[in-house]
Amino acid sequence: MRTSFFRACVIAAVVALLAACAQQQHRPAPAPVVEDSKRPVTAPTPTPTPPPPPKAKPKPKPVAPATPKPENDADVTPVPAPPPAPAPEGIDRTQVGYYFDTLQGRLRQSGDPAIVVTRTDGHIAVDITERVHFHGDEASLPSIDCAALAPIAKALVEYKMTRIVADVGVEGSDAAALSSAKSHAGAITKCLTESGIASHRLGVREVTMPAPRTVLRIEPIVK
């Protein structure tokens with residue numbers, strides 16, 4: 001009896017298995033998915049860009065040390081340094097010869113035959129006796145005579161390393177003659193100053209001569 005029951009169970013199981021296989025074979029295959037052309041196509045999600053690396057912070061500048069205050073904690077005004085000493089004014093002794101050679105040539109370019117330019121004993125003499133004329137003890141040179149000295153004054157303005165002394169010769173050594181000579185020399189230096197020559201380069205001298213003469217004595221300013 002047990003054998004019959006066991007066979008019946010096996011047969012039932014085989015039948016059930018065959019029925020399941022038959023259903024599996026007759027199940028319709030899924031329809032292929034057809035993409036709808038009207039359906040909007042979703043764009044692919046972009047890959048996020050990583051953020052840039054943080055910039056390096058600049059190093060802080062070193063703090064300058066504080067200037068110590070004086071003990072009395074009072075404001076002190078710094079004393080300015082003295083200006084540098086000016087270079088000595090003048091020409092080198094080795095350059096005096098060339099300097100005076102060129103100056104002498106410039107003075108002779110005036111072209112005035114009444115003005116005689118000579119050079120002796122390391123200085124230049126410009127004889128203007130025949131060019132300037134005084135009437136009495138005049139303190140000013142007549143304008144026509146002052147204008148005649150303009151070419152001489154122009155050259156002397158350019159050649160700054162020179163000193164000009166107005167030698168005014170007089171006959172005799174009495175007080176009246178010397179006073180007259182000094183007045184005439186002052187009139188000449190005034191004319192030269194108005195022509196642009198610095199007053200500190202000018203001087204006067206009264207000279208006793210057999211005959212009155214007026215000469216501009218030009219000397220070098222040497223370092």
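Quick note: residue numbers are just sequence positions, from 1. The structure presented is a predicted model; accordingly, all values stated were derived computationally and were not measured.
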Can you see which heavy atom on A155 is nearest to which on L103, and at what distance? O-CD1, 4.4 Å

What pair of heavy atoms forms the shortest contact from L192 to A153, and how long is it? CD2-CB, 4.1 Å

Under a single-linkage definition using a 4.5 Å side-chain heavy-atom cutoff for Ile, Leu, Val, Met, Phe, Trp and Tyr, are V222 and I164 assigned to the same hydrophobic cluster? yes

Joint hydrophobic cluster, F100 plus V116, side-chain heavy atoms closer than 4.5 Å: no

Would a distance-only check, ignoring hydrogens and angles, find a side-chain to backbone donor-acceptor pair under 3.5 Å from R217 to A166? no

Derivation of the side chain to side chain contact (heavy atoms under 4.5 Å, CB included) call for L149 and I128: CA-CA 9 Å; L149 298 181; I128 58 175; 3.8 Å; yes

Can you name the nearest heavy-atom pair linking D127 to T214, along with the distance? OD1-O, 3.4 Å

d(Q95 CD, D101 CG) to nearest 0.5 Å is 11.0 Å

Treating T193 as the side-chain partner and T189 as the backbone partner, does any N or O pair qualify as donor plus acceptor under 3.5 Å? yes

Can R163 and I218 be said to form a side chain to side chain contact (heavy atoms under 4.5 Å, CB included), step by step? CA-CA 6 Å; R163 183 180 297 104; I218 304 172; over 6 Å; no

Among the clusters formed by ILVMFWY side chains lying less than 4.5 Å apart, do I221 and V157 turn up in the same one? no

Examine the side chains of S110 and D112 and answer whether a donor and an acceptor come within less than 3.5 Å of each other. no

How far does CG of L141 sit from CZ of R131, to the nearest 0.5 angstrom? 11.0 Å

State which residues pass side chain to side chain contact (heavy atoms under 4.5 Å, CB included) with R108; sequence neighbours excluded, sorted by chain then number. Q104, V117

Report whether V204 and L178 are members of the same hydrophobic cluster (ILVMFWY, side-chain heavy atoms less than 4.5 Å apart, transitive linking). no

Taking 4.0 angstrom as the limit, do D167 and R213 come out as a salt bridge? no

Say whether V165 and L156 are linked into one hydrophobic cluster, either directly or through other cluster members, by side-chain heavy-atom distances under 4.5 angstrom. no

Candidates E219, R201, H123 - the one meeting side-chain contact (heavy atoms from CB on, under 4.5 Å) with T162: R201

For E130, does the CD atom sit with more than 12 other heavy atoms under 6.0 Å from it, leaving out its own atoms? no

By ring-ring contact (aromatic ring centres under 6.0 Å, His included), which residues pair with Y159, not counting sequence neighbours? Y99

So how far is it from C146 SG to I188 CD1, rounded to the nearest 0.5 Å? 10.0 Å

The reported gap from CD1 in I152 to SG in C191 (rounded to nearest 0.5 angstrom) is 11.5 Å

